Amino acid sequence: MNTFLSQLNDVQRKAVTQTEGPVMVIAGPGSGKTRVLTFRIAHLIQSGVPPQQILALTFTNKAAREMKERIAKVVGDAAGKVWAGTFHSIFSRILRMESDKLGYPSTFSIYDSEDSKTLIKDIVKNLGVEKSNYPPNAVLSRISHAKSNLITWKAYGNNSELISRDQLDKRPMIYKIYEHYSKRCEKAGAMDFDDLLLLTFRLFYENKDQVVEKYRRRFKYVLVDEFQDTNFLQYAIVKRLTRYKESPNNLCIVGDDAQSIYAFRGATISNILDFKKDFPELKTYKLEQNYRSTPHIVDAANNVISHNQKQIKKKIWTQHHAGSKIQIVKALSDTEEARRIAGMIVEYKNRYHYSNKDIAILYRTNAQSRVFEEQLRRQNLSYKIYGGLSFYQRKEIKDLMAYLRLAVNPVDDEAFRRVVNYPRRGIGKTTLEKVMTVANTEGIPAWEAVERPILNSRTSSLLKRFKSIIQTLNEQSASMNAYDLANLAYKKSGMLAELSADNSIEGMSRRENVTALLDGIKEFIESDEQLEDMPEGTDKSISTYLQSVALITDFDDDDGDEDRLLLMSAHASKGLEFKAVFVVGLEENLFPSFMAKDSPASMDEERRLFYVAITRAMEQLTLSFSNSRYQYGTMRYNDPSRFLTEIEAEHYLNPDLIYGEKSTTGGTARSAVSGDFKIGRKPKKNVQVAVPVDFKPSNPSEIREGMKVLHLRFGEGEVKSVEGKSPNFVATIYFENSDSPSKRIMLKFAKLQILNGK
DNA sequence: GGCCAGTTTCTTTTT
DNA sequence: GAAACTGGCC
């Protein structure tokens, strides 16, 4: 029976069999984390726990999928009854069943980030504020962070700290935008990604009809994967579910602080620290033995991560025998980088008999995939790109989905805006603006605003025609199955005619994509997977379909047997492993990203990301960089990434490429690389603010609020606040001469001179 | 009032 | 390089 337990080492087995009470598993890369998690669930089921009492929360769809598959391998069909999925998908499922308690329709729409951004742009425009001060991405991220910290728009407006921070950033109206944004989402019966969490918390917090007790009774065992990537709000929900009087506290979290790469999304390491406080009786298990990689790779990973300031002490180790050293590829251009890597792949396949699927190319930004695609095609290597513009983000797919969204939820303003004039039916910008103005001033959805006598008869009848299409779809949505409805929407909307008229290559591919979407819906209604607890009949509705695909960003269209190379972002690679890994584009301003260069905390996150990337490799690791590359339409010249020299020379096959020949003086990365070949000019290094010759950094502990200080790079600034405990003081300083004047600075690293104190 | 084409702007990672 | 935007034209 328990044969699978013998496949585990001592620590792993303890982590699996300690089923009762709070458990924390700190798991280094390749230490068998997923194995522990899945075996733990399997063990619970074999010990007699009904599978439907187990809730397993993951962070990405990919992780959820893999977990389900692996549980199924051990326990078979029972796996289907375990609630395993991403935070977002599990909670949207719950919200759908309980939406009435929040005043939302069960057919609520889910706004993706594109919808959110369009909405924000519209709000900014209506408020009449300078739009260059309110880039949608920045505003959305501010709102998202607020939501992730359980700050509603009302609380935001009353929070003087946030308000003054926004004022420093010259974005004083954010609180107002947040308010309008929230109200307009609610009006449209729509939730954005963060709302799925925030409203779940509200649901459990307000506890109408004792709804939280229902789920507490139901989920006796809760597991959270990648706990280091959860934010405050996600943990708050988990606590709401598991921490109450007489709770068995059967909560198991698995994570690795060194692999925290989603702080930009509000993930916080303090959740791990809080967990110890909240569940003092917890049992902790550390998995440090790496079963994945050869020693050079493991040591390199340890080298890299040791450059980070904050970390839970842990050293991964391996019993593997020495394998290949890490190879560096230095190219002159991005094309050459890709060409040489494609060549190396061919060589690896011959020399080590690797299949395509044993090999992955990892990059920092999805845009980098292009050049590699070209070169791989030249070598006749078949590949698959993970992420990037996913299937569901293609225009034609989003268009048809917008019709379907309107069919179940006609008040969805963003869907309305998207397709009211697609295919073209003579409803242009001006008309839409009029409708939206009425809608906003009266606080009604566009769907109702079109009825107001604000338009001339011609446009009015055009809008009526559009509305009647949606009405037909809406009426049919109750009786028709999802597939028939989608087909009807395709025809009725005029999309079929529009796409059929286009015989260009792109047009054909659009048609194929829509057909693929329709096939997907057909598959969805025909699959016999029965979801637990779903009201009979509703689970195959178009609404359920929309909910499930709204949260899918990666697409899983292959059967898994295809032998293809994988190209993906370093983020997407988390949790995966490959015999040979190429981490490419290792250049300053790319990996690490230029976005990180002013903040030590972001730089640490980039480093953790690099750590994640290199620890995907089992046998062969190659790191590449290029002197020049096409970026954003122009040629750029970047220095090799600082991360390259954070790995000790002994782990490299060809360290000269970054450490320089022994004879060269200094041997810094830059002199070694740019010395032999120069294309055009090198860009200027960061322009420094004029600094007096007698600059002398002051002792960080003497810096106080209100002081004027001088920073080597940012110039003069005023200290707005100092937080944190010695020696980790963090100051918020306002630098007038900087593009983003308000900066948070770790005092122990910063070179700051006090100009005058109070 | 709407549409197209030329022009400008902004560059990350994911649910 | 692509998406968003603006201005001129029908």
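In what follows, every chain begins at residue 1, and chains take the letters A, B, ... in the order their sequences are listed. All values derive from a computational prediction rather than experimental measurement.
- When distances run from any side-chain atom of A:Thr459 to the nucleotides B:dG2, B:dT12, B:dT14, the shortest one goes to B:dG2.
- Rounded to whole Å, the distance from CD on A:Glu606 to P on B:dT13 is 11 Å.
- The listed nucleotides are C:dT6, B:dG2, B:dT12; the one nearest the side chain of A:Lys131 is C:dT6.
- Between the CG atom of A:Asn137 and the C1' atom of B:dT14 there is a distance of 13 Å, given to the nearest Å.
- Here the CG-OH distance, from A:Asp112 to A:Tyr392, works out to 13.5 Å after rounding to the nearest 0.5 Å.
- Considering only side-chain N and O atoms, A:Arg629 lies nowhere under 4.0 angstrom from the phosphate OP1 or OP2 of C:dG1.
- With distances taken from any side-chain atom of A:Lys121 to the nucleotides B:dT11, B:dT14, C:dA4, the minimum falls on C:dA4.
- Judged by a 6.0 Å distance limit and a 45° cone about the ring axis, A:Lys574 is not positioned over the six-membered ring of A:Tyr262.
- Both A:Ser132 and A:Arg424 sit near DNA chain B, but only A:Arg424 has its closest nucleotide nearer the 5' end.
- Each of A:Ser113 and A:Leu432 was matched to the nucleotide of DNA chain B holding its nearest heavy atom; the match closer to the 5' end belongs to A:Leu432.
- Between A:Arg184 and A:Asp122, at least one side-chain nitrogen of the basic residue sits less than 4.0 Å from a carboxylate oxygen of the acidic one, meeting the salt-bridge criterion.
- Residue-level contact check: A:Tyr630 touches neither bases nor backbone, having no heavy atom under 4.0 Å from any strand.
- Listed pair A:Ser569 / B:dT12 fails the phosphate criterion, with no side-chain N or O lying under 4.0 Å from OP1 or OP2.
- Phosphate proximity of B:dC3 to A:Asn421: present, with a side-chain N or O under 4.0 Å from OP1 or OP2.
- The side chain of A:Ser593 sits closest to B:dT12 out of B:dT12, B:dT14, B:dG2.
- The closest donor-acceptor contact from the side chain of A:Asn638 to the backbone of A:Ser626 lies at 3.5 Å or more, if one exists at all.
- Look at the C1' atom in both C:dA4 and B:dT13: the space between them is 22 Å, to the nearest Å.
- Across all strands shown, A:Phe87 has no heavy atoms under 4.0 Å from either base or sugar-phosphate atoms.
- Aromatic rings from A:Phe591 and A:Tyr363 are positioned such that their centres are separated by 6.0 Å or more.
- Contact between the side-chain N/O atoms of A:Lys574 and the OP1/OP2 oxygens of B:dT13 is not found at any separation under 4.0 Å.
- Comparing B:dG2, B:dT14, B:dT12 against the side chain of A:Arg364 picks out B:dT12 as the nearest.
- For the pair A:Phe610 CZ and B:dT12 C1', the computed distance is 17 Å after rounding to whole Å.
- Rounding to whole angstrom units, CD of residue A:Gln631 and P of B:dT12 are separated by 10 Å.
- Nearest nucleotide to the side chain of A:Tyr632, out of B:dT12, B:dT14, B:dT11: B:dT11.
- Atoms CE (A:Met603) and C1' (B:dT13) sit 15 Å apart, rounded to a whole Å.
- Between A:Thr634 and the phosphate of C:dG1, there is no side-chain N or O to OP1/OP2 separation shorter than 4.0 Å.
- Rounded to whole Å, atom C1' of B:dT14 lies 12 Å from atom CG of A:Asp112.
- Rounded to a whole Å, the CD1 atom of A:Ile427 is 15 Å from the C1' atom of B:dC3.
- DNA chain C is contacted by both A:Lys429 and A:Arg370; A:Arg370 maps to the nucleotide lying nearer its 5′ end (nearest heavy atom per residue).
- Atom OH of A:Tyr134 is separated from atom P of B:dC10 by 16 Å (rounded to the nearest Å).
- Applying the 4.0 Å criterion to OP1 and OP2 of B:dT13, one finds that A:Asn366 has a side-chain N or O inside that range.
- Between A:Phe416 and A:Phe466, the ring center distance clears the sub-6.0 Å criterion.
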